[in-house]
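In this chain, residues are counted from 1 in sequence order.
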Amino acid sequence: MAATAKERLNELLSALPDSVPHIHESAWVEPASVPFTEEVRKMCEANRCGMYGKCWTCPPGVGHWEDLRDQYRAYKEAYVFTTCHVLEDSFDFEGMQEAAAAHKRLDALIAEELRPFAGQFVHLGVGACTICKTCTYPDAPCRFPDKARQSMEACGIDVVNLSRQCGIKYINGADTVTYFSMLLF
């Protein structure tokens, strides 16, 4: 019998290589309970990270948050996971960027392993897509739609409230940064 995406994920998580950060905390949740809000999406529209209107995985290219909410809530299960990274201090922006890149390496490994199950899952990640130096948005389609990952916040997901709902720490202590991803099955 062929494995499902969820079964392959469980196999993968039990044998992660040392080259990627390991999952710090995780939880299974009902997709219908994932908190989506317009306020989170408005933070993207305020362009706090500087990526608004610059790539397919960020607003407005990612699509309308309510449409994404309805699409993602139709899945049966959601797996939320984090990685936690130690920083030199709370102002270690370079360390935060390195930690985000490490989290994205874990996301890429998971996505690669689950690619044969492409129709069975959606993978939401952290931050803007960084696959291409310059995104094709809005002039041409995404060059790597199978590798590009939408940010949870770009979709309107309130990650702070999701973490509370899951029993996962949003903040893991002084001089750390925690990154979240979610898989929908």
- Query: Applying the 4.5 Å side-chain criterion to the ILVMFWY set and letting contacts propagate, would Met152 and Ile171 be lumped into a single cluster?
  - Reply: yes
- Query: With a 4.5 Å heavy-atom cut-off, do Tyr52 and Pro60 have their side chains touching?
  - Reply: yes
- Message: Just checking Glu77: does its CD atom have more than 12 heavy atoms from other residues, nucleotides or ligands closer to it than 6.0 angstrom?
- Response: yes
- Task: Kindly indicate, with the supporting measurements, whether the criterion salt bridge (charged side-chain N to carboxylate O under 4.0 Å, His left out) is fulfilled by Arg8 and Glu11.
- Result: CA-CA 5 Å; Arg8 181 62 193 118; Glu11 291 170 8; 3.1 Å; yes
- Query: With the 4.5 Å side-chain cut-off for hydrophobic clustering, are Trp65 and Phe180 part of the same group?
  - Reply: yes
- Query: Under 30°, 30 to 60°, or over 60°: which ring-plane class applies to His103 and His85, parallel, tilted or perpendicular?
  - Reply: perpendicular
- Item | Side-chain heavy atoms of Leu106 within contact of Ile23, under 4.5 Å | yes
- Item | Of Val29, Thr82, Val34, the residue whose pairing with Cys166 passes side chain to side chain contact (heavy atoms under 4.5 Å, CB included) | Val29
- Query: What are the two closest non-hydrogen atoms of Asp175 and Ser90, and how far apart are they?
  - Reply: OD1-N, 3.1 Å
- Item | Any side-chain heavy-atom pair of Tyr72 and Gln150 under 4.5 Å | yes
- Task: Answer yes if Tyr75 and Met182 sit in the same cluster of Ile, Leu, Val, Met, Phe, Trp and Tyr residues linked by side chain heavy atoms under 4.5 Å apart, and no otherwise.
- Result: yes
- Query: Between the main-chain N or O of Phe36 and the side-chain N or O of Asp158, is there a donor-acceptor pair closer than 3.5 Å?
  - Reply: no
- Task: Write down the atom of Thr178, the atom of Tyr170, and the distance for their closest heavy-atom approach.
- Result: CB-O, 3.6 Å
- Task: Of all the heavy-atom pairs spanning Arg73 and Ala32, show the shortest one and how long it is.
- Result: NE-O, 3.4 Å
- Does the distance from a Lys or Arg side-chain N to an Asp or Glu carboxylate O, for Glu38 and Arg41, drop under 4.0 Å? no
- In terms of ring plane angle, is the pair Trp56 and Tyr137 parallel, tilted or perpendicular, where the classes change at 30° and 60°? perpendicular
- Going hydrophobic residue to hydrophobic residue with side-chain gaps under 4.5 angstrom, can you get from Val160 over to Val177? no
- Query: Does a side-chain heavy-atom distance below 4.5 Å link Asp139 with Thr136?
  - Reply: no
- Task: Determine whether Tyr179 and His24 make a side-chain contact, defined as any pair of heavy atoms from C-beta on separated by less than 4.5 Å.
- Result: no
- Heavy atoms, side chains only, cut-off 4.5 Å: are Trp28 and Phe185 in contact? yes
- Message: Can you confirm whether Leu16 is buried at CG, in the sense that more than 12 heavy atoms of other residues, nucleotides or ligands lie under 6.0 Å from that atom?
- Response: yes
- Indicate yes or no: does Arg115 engage Glu112 in a salt bridge with an N to O separation below 4.0 Å. yes
- Note on the structure: Looking only at heavy atoms, the pair that brings Cys55 and Cys129 closest together is SG-N, 4.4 Å
- Task: Could you tell me whether Glu25 and Lys169 make a salt bridge, using a distance below 4.0 angstrom between a side-chain N and a carboxylate O?
- Result: no
- Task: Measure across Cys142 and Ala148 and return the closest heavy-atom pair with its distance rounded to 0.1 Å.
- Result: SG-CB, 4.0 Å
- Would you say the side chain of Ile110 lies within less than 4.5 Å of the side chain of His123, judging by non-hydrogen atoms? yes
- Are Leu183 and Phe81 close enough that some pair of their side-chain heavy atoms sits under 4.5 Å apart? yes
